[in-house]
Protein chains: 4
Amino acid sequence: MEFFKEISKIKYEGPNSTNPLAFRHYNPDELVMGKPMKEHLRFSMSYWHTLTGMGADPFGEGTAVRPWDSVEDKIEKAKIRVKVAFEFMEKLGIEYFCFHDRDVAPEGKDLAETNKILDEVVDEIEKEMKRTGIKLLWGTTNAFSNARFVHGAATSCNADVFAYAAAQIKKAIEITKRLNGEGYVFWGGREGYETLLNTNLGFELDNLARLLQLAVNYAEEIGFTGQFYIEPKPKEPTKHQYDFDTATVLGFLRKYNLHDKFKMNIEANHATLAGHTFQHELAMCRENGVLGSVDANQGDLLLGWDTDQFPTNIYDATLAMYEILLAGGFTTGGLNFDSKVRRASFEPVDLFYAYIAGMDTFAKGLKVAAKLIEDRVFENIKEERYASYKEGIGAKIVAGEVTLADLEKHALTYGIREQKSGRQEMLENILNRYIFG
Amino acid sequence: MEFFKEISKIKYEGPNSTNPLAFRHYNPDELVMGKPMKEHLRFSMSYWHTLTGMGADPFGEGTAVRPWDSVEDKIEKAKIRVKVAFEFMEKLGIEYFCFHDRDVAPEGKDLAETNKILDEVVDEIEKEMKRTGIKLLWGTTNAFSNARFVHGAATSCNADVFAYAAAQIKKAIEITKRLNGEGYVFWGGREGYETLLNTNLGFELDNLARLLQLAVNYAEEIGFTGQFYIEPKPKEPTKHQYDFDTATVLGFLRKYNLHDKFKMNIEANHATLAGHTFQHELAMCRENGVLGSVDANQGDLLLGWDTDQFPTNIYDATLAMYEILLAGGFTTGGLNFDSKVRRASFEPVDLFYAYIAGMDTFAKGLKVAAKLIEDRVFENIKEERYASYKEGIGAKIVAGEVTLADLEKHALTYGIREQKSGRQEMLENILNRYIFG
Amino acid sequence: MEFFKEISKIKYEGPNSTNPLAFRHYNPDELVMGKPMKEHLRFSMSYWHTLTGMGADPFGEGTAVRPWDSVEDKIEKAKIRVKVAFEFMEKLGIEYFCFHDRDVAPEGKDLAETNKILDEVVDEIEKEMKRTGIKLLWGTTNAFSNARFVHGAATSCNADVFAYAAAQIKKAIEITKRLNGEGYVFWGGREGYETLLNTNLGFELDNLARLLQLAVNYAEEIGFTGQFYIEPKPKEPTKHQYDFDTATVLGFLRKYNLHDKFKMNIEANHATLAGHTFQHELAMCRENGVLGSVDANQGDLLLGWDTDQFPTNIYDATLAMYEILLAGGFTTGGLNFDSKVRRASFEPVDLFYAYIAGMDTFAKGLKVAAKLIEDRVFENIKEERYASYKEGIGAKIVAGEVTLADLEKHALTYGIREQKSGRQEMLENILNRYIFG
Amino acid sequence: MEFFKEISKIKYEGPNSTNPLAFRHYNPDELVMGKPMKEHLRFSMSYWHTLTGMGADPFGEGTAVRPWDSVEDKIEKAKIRVKVAFEFMEKLGIEYFCFHDRDVAPEGKDLAETNKILDEVVDEIEKEMKRTGIKLLWGTTNAFSNARFVHGAATSCNADVFAYAAAQIKKAIEITKRLNGEGYVFWGGREGYETLLNTNLGFELDNLARLLQLAVNYAEEIGFTGQFYIEPKPKEPTKHQYDFDTATVLGFLRKYNLHDKFKMNIEANHATLAGHTFQHELAMCRENGVLGSVDANQGDLLLGWDTDQFPTNIYDATLAMYEILLAGGFTTGGLNFDSKVRRASFEPVDLFYAYIAGMDTFAKGLKVAAKLIEDRVFENIKEERYASYKEGIGAKIVAGEVTLADLEKHALTYGIREQKSGRQEMLENILNRYIFG
């Protein structure tokens, strides 16, 4: 059965194509810096926004028209969605996907039944993966939507909830292993607080670390070698989310001696909600060796919530790819479109328009970033800018060979010898030259 | 010579006083939880906002009317200001002050002369300290106002600037030691970046750590035993400040193995610029054992810059004092009014009105917080809320005696047995009862 | 049948009561400025948040435990909720309520059936109103939740939707008239845009005005004399809501010559989302003679969405009541708690805790505000502050008796003769004296 | 005397030029939609940021290196800056400039002397204008920087200040007339409030209207026919600026019957501070027939203050030019770079880099916008989107030929017949095609 009958496989037609159902920049096998674009970008479909998101918001019901959802039986519907998902990915040429346990299968009357249903649907997923060659970028668990997580999962004040979340994670790691998932993400949707008046902050953070350690132990026990990621977000749904941003998570991991076990899954819109640019969060990861995977989307900086829009801003895509390339490119991670079509884009074809827009934006961004790096545009400028640390007192500072007294002597002798402009406007103009020159 | 002739020593007149030049809540020797209020609060005058701030902003010149500033000679003016400062503190009954090197003395033609002038003015400060018994809460250096710090101080791309900042810090530590300062603050006014296009993020962070380590070494060398503090701020003046918030700084310190050497100096307005409540930042410090000192002020949450207003919000003051008391109270730190009178409050008497407002707000906050703690209002609620971790599976989780498999078994057996409301509205009502009941 | 069996009528027990199910400040018949508190405050229950809100958010399902909702049949459930609502109001002593058509009754298969169901449930409401004497503060229609309003209601690009919204409004006005509603609110939940790329801004605004004019005409036709209100909000759910804030709405109404027909319904959390204080919006209304009614709640200024929290901040409540009293008090309007219990406050009793907290906060705010006005605290200060406009050149300016040339002559002759401090810190301290002195 | 000796006239070298001192897109005489680019864009130099801005910020002194400023005498320095300004404009090929009275000349000991100095410097400006053919886009007065405006200008509580501001405006209009300025801007830098506790909001707004009316009268009296503009800004320096945004100003002007006399001067960074996109503010102007002139810059949406960066974002420039072209293009207005080089871009050449970046961004934006309009990309989509208002019930709604009862009948009969997707993602992708396709 074909679900998107009117849509054929999306093809690359080059920058001048006006076909909205074609790629203008994404040419999967085209080499960029000696590697096919698809291997650089490792695009991934997010199961939740693509298959189960219906466009509801706090002020209104869902709007999405999804003819395949007309089936009544929840398990049957879940299985049909598996087929829809793989047809969708095939037609777009997307080779990876990501999912939460609860995206793919409904809950049963208790955990045992829920797990059974999950296994049943995962059978279908496995079949489709074999049939198509599409791979699992990462798996995860949804320990935030159900009412039981009202006070958190690992950070709930209720030990039963901690145990329940742990059980979900165990199962989700198992499934991820079974499907050869290359990674596993921890996004703590309810790991945070609503008010400090009733919250034991330190205890909740300790418990969060405890659960992560248990997951690390279990992965070792069963031989799951996929990469563990933490996905930072500063707020929403809770008032304060513990995994605020990369810097916060790095500090947390170091405190609990977990920093060798986790990399980051950076989401653009989460970065901006934390007051950072997308590039900043990626750069922080790169500098700390934890750039793992990316949730590609974009927020509206004039709005204060997670809009999860499809990424169409060429600046953000370029600077993101620039950081990713500088970091050596993805290994286990990829660009997962944690993006949802607008509530008003309710037709199935809008899913294609949206993914095409996002994929083309990142494909173009990749090409611009590669050119910037090949030309060493910013690298040369930085090298010259920090040149004073290559010799003399600067080199000694870096080598750890000076004391405050030495530095005082230097300052008393030389003062400041020369200052150079930071040239921000010229650099922004150069970036524009590479983007639309 | 008396500078505030029309103003006598500010006295405590009780809650019903309508005298705007009297305290209604701050009664220095009144015991709260067995300790005099003044020892709980350890109020401190900020030299910069109080003596050298003139009310200029990016759109206009200073407005402050300060008759004592009519002296032309800069060094003479600096010495007069010392006398003004101590008269001001005496009249308010403030027993501590804080200063940057550049607040108290002007720069000379080079660093040597600058240091000489500084010593000369510090002589005057020392005399006044002896005369009055007023103490130095903490010293610091201003390595951000002068144009030489345009690209940062420790994080400048110019090694000469690193050396210059180091020399300033050395001198400032020496002066702080000489004046028996109980602490020393690092606020990196220009330690951040304007654009990532020209910034070597990792290198700059390494250099920041290098300078902190040098300062630690020097303090040990000369026997300065005051507490080192880092003051987080997320942005302003730079687009991104490296010491974003407490969590960021904690992670940074752990990475460079500096975490035993520093506590935090938390500023209310910096907290809110980072997207946190004042209480949140203090609670993060408390839970990590780094609650050092406080810059007491308040921001306007509808404005996006550091307004440094005098703190007059009773909720913030209460919850701040609550965290401080829970943490065991100040040891080396105190409540430093890093607050400035509004540009339109340009008369000398406004300085008194402002400090009185701030001191009374925190005095009342202290009393409310003490009562909350004595009654164990929130403590009892939290104890009950997290009770499930005191026995059974919860106790085992805390003790580290479970695996994911154990937890799964528990979840399969028991599911979620009972959930309790978080009671936020009731708790906020109780807080109101303590504040204005 | 009694739904809140464990809860008796909430009584006033005075400021020292520790009973969380008693009022400490709200004493309905106590006179304030010669009028009973209940007539000043005119508290109202919001039907939506109280009866139909279940605590769902974009990341999770509802959490609310509402035993009375166990009934399967939707119409039956709606009728039971009517009884719950009136028992709830009776026990709290709330004398008004507000509702959207879709809060009280479910939709049928088409508009005709929907209207029929609505009439049926309104019969029940009418009975309960007669039984209890509780009145309708205002009615309104929900023209935003249903998927048909995906592109707006009056501002939809689809004329059928415009007509549908118009039909709903017609019916809702009729019901409001039938129930002797004292007002009718227009909140345009989807009247805004998501992207300008597909939006005809001017046309949509014209259509919004057209629908308002049609409603005005219809009210006149059927003799509905209740007050029409517009409720401003700047964003959410849409990226840009047309009724951004009071100033925007006033300009819009003037443009379309509708300004004599509408007053404002000001919501605290909408004010802050627009970058204004609650007091600012009320003051703007007061100065323009359009202070109609109030949606009493509060937002979290560190979060970027409408949290609709119960109002517990005494400053906001005091300054709101100050503006309302200055404006002469409510006539048709009142304080409607457009507030929802937190998702974690899921028990029925939390509804009581929350309303009590809100009512007590506003009752205390009323008393503080009344005292401020009786003492003419700020009025006297303002009178003196603007005194220069009472005589001389100032009086001539106000009387319109000068030209630029006259003013230039004055300036050349006198310059600036005297400036007075704005005294903000002193004023904030005085406010604190009245609140917790 | 030549001030920028190392820099020749900036030339157009085409999109592939790597010369940072050349235009890649701005080709002044190239026709776009039948009109030379320079007539579309009407670039203007802002005197303040370019000549007198030194890079000071609230945390530090100026950094700008400006060799020509070494002259001690203030009036001489002002005259030299005139020559610098015109050389700068000539080399960039900028044909317009804008200035505040206080940018071009220093204040004297009183208003009479200040006016005399101003006249003296304006003589120099006039000579340079004649010599070069460069024109005055608009003049204005600075009634915000001097301490006398601490409480506002027209909205000061002090009538002397009102008179002083009026005198300045009178003089500034006269100078603007003398220099054949095509417009005159009112930006109320201090027209707002800091706290409502001491503010008579209604009275201040009335006074603001009074001063505008006096200016209108005076312009008529002396025959100044330039366009009056109001420049909205929501906050900064004051907590609340009265000219919040376009919608607010439109309402204000209508209230005081001034709406025929003023157009808007829209600044990008002010738009975003108000929570709007730049395009939104321009579209609001266009739809209300008040799109006058533009202050071209850009803000950093993650920062909460006016950064006034040079505009380098191609999306913003494209959508701005799109609105401007749709509105029929500039008549009296133009693109004034109310932009300042970053504090770290302190060399004279950075001024060139910055203006080139800004001019090229808008030149490219113009070309993209023109193509979008020529192809009727969004126009056709909108026409189809709103087609239901062209006939049937929709046409009747627009014609005002229906009542609520008619619309109800329509809704009961037809319900909603068809809904179309909003296609936001596809539209954003099309925009990308035009920008970097």
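Every chain is numbered from 1 and lettered A, B, ... according to where its sequence line falls, protein lines coming before strand lines.
Here the CG-CD distance, from Asn158(C) to Glu418(D), works out to 8.0 Å after rounding to the nearest 0.5 Å. One distance of note links SG of Cys157(C) with CD of Glu384(D); it measures 10.5 Å at 0.5 Å rounding. Note that CG of Leu201(C) and CD of Glu287(D) are 5.0 Å apart. Values are rounded to the nearest 0.5 Å. Atom OG1 in Thr195(D) sits 6.0 Å away from atom CD in Glu428(C) (nearest 0.5 Å). Rounding to the nearest 0.5 Å places CZ of Phe162(C) at 12.5 Å from CD1 of Ile416(D). The line from CG of Leu197(D) to CD of Glu425(C) is 11.0 Å long, rounded to the nearest 0.5 Å.
Atom CD of Glu391(D) sits in a sparse spot, with 12 or fewer heavy atoms from other residues, nucleotides or ligands closer than 6.0 Å. The 12-atom threshold is exceeded at NZ of Lys420(D), counting heavy atoms of other residues, nucleotides or ligands nearer than 6.0 Å. Other residues, nucleotides and ligands place no more than 12 heavy atoms under 6.0 Å from the OH atom of Tyr414(D).
Within the 4.5 angstrom heavy-atom criterion, no atom of Asp206(D) approaches chain C. If you measure heavy-atom distances from Tyr218(C) to chain D, the contacts under 4.5 Å come from the side chain alone. Residue contact with chain C, scored on non-hydrogen atoms closer than 4.5 Å, is absent for Thr114(D). With a 4.5 Å cut-off on non-hydrogen atoms, Asp406(C) does not touch chain D at all. For Ala147(D), the part lying under 4.5 angstrom from a heavy atom of chain C is the backbone only. Heavy atoms of Thr413(D) lying under 4.5 Å from chain C are absent altogether. In this structure, chain C has a heavy atom under 4.5 Å from the side chain of Leu319(D), while its backbone stays farther away. Both the backbone and the side chain of Thr199(C) come within contact range of chain D, each with at least one heavy atom under 4.5 Å from a heavy atom of that chain. Residue Ala165(C) does not touch chain D at all, counting heavy-atom pairs closer than 4.5 Å. Proximity to chain C (any heavy atom under 4.5 Å) is restricted, for Arg210(D), to the side chain, taken from C-beta onward. Only the side chain of Glu204(C) comes within contact range of chain D, with heavy atoms under 4.5 Å apart. Contacts between Val377(C) and chain D at a heavy-atom distance below 4.5 Å are absent for every atom of the residue.
Without hydrogens or angle criteria, His151(D) side chain to Gln419(C) main chain gives no donor-acceptor distance under 3.5 Å.
Counted by atom type alone, Arg385(D) and Asn198(C) present one or more donor-acceptor pairs between their side chains at under 3.5 Å. With hydrogens and angles left out, the side-chain atoms of Tyr193(C) and His280(D) include a donor and acceptor closer than 3.5 Å.
The heavy-atom pair separating Lys382(C) from Asn200(D) by the smallest distance is CD-N, 4.2 Å. Closest approach of Ala159(D) to Ile393(C), counting heavy atoms only: CB-CG2, 4.1 Å. For the residue pair Ala167(C) and Leu407(D), the shortest heavy atom distance occurs at CB-O, 4.4 Å. Taking all atoms of both residues into account, the shortest heavy-atom contact from Ala215(D) to Leu404(C) is CA-CD1, 4.1 Å. The heavy-atom pair separating Leu111(C) from Ala411(D) by the smallest distance is CD2-CB, 3.7 Å.
Residue with the most contacts toward chain C among Val398(D), Val249(D), Asn288(D), Val402(D): Val398(D) (heavy-atom pairs, distance under 4.5 Å). Ranked by heavy-atom pairs shorter than 4.5 Å toward chain C, the options Ile430(D), Val150(D), Thr246(D), Ile397(D) are led by Ile397(D). The greatest number of non-hydrogen atom pairs below 4.5 Å with chain C, out of Arg148(D), Arg286(D), Glu194(D), Lys255(D), is found for Lys255(D). Chain D forms more heavy-atom pairs under 4.5 Å with one residue of Asp110(C), Leu196(C), Thr248(C), Leu412(C) than with any other, namely Leu196(C). Per-residue counts of heavy-atom pairs under 4.5 Å with chain C were compared for Leu250(D), Ile381(D), Val161(D), Asp245(D); the largest is that of Val161(D). Contact count versus chain C (heavy atoms, under 4.5 Å) is highest, among Gly394(D), Ala112(D), Ala395(D), Gly422(D), for Gly422(D).
His410(C) places a side-chain heavy atom less than 4.5 Å from the side chain of Asp160(D). Side-chain contact between Thr403(D) and Asn217(C): absent, with no pair of heavy atoms (C-beta onward) separated by less than 4.5 Å. Contact of the Asn115(C) side chain with the Glu408(D) side chain is registered, since non-hydrogen atoms from C-beta on lie closer than 4.5 Å.
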request  = Would you please test Tyr389(C) and Phe203(D) for ring pair (Phe, Tyr, Trp, His ring centres under 6.0 Å) and show each step?
outcome  = CA-CA 10 Å; Tyr389(C) 287 96; Phe203(D) 181 72; 5.0 Å; yes

ask   = So Phe244(D) and His276(C), ring pair (Phe, Tyr, Trp, His ring centres under 6.0 Å) or not? Walk me through it.
value = CA-CA 10 Å; Phe244(D) 194 85; His276(C) 307 307; 4.7 Å; yes

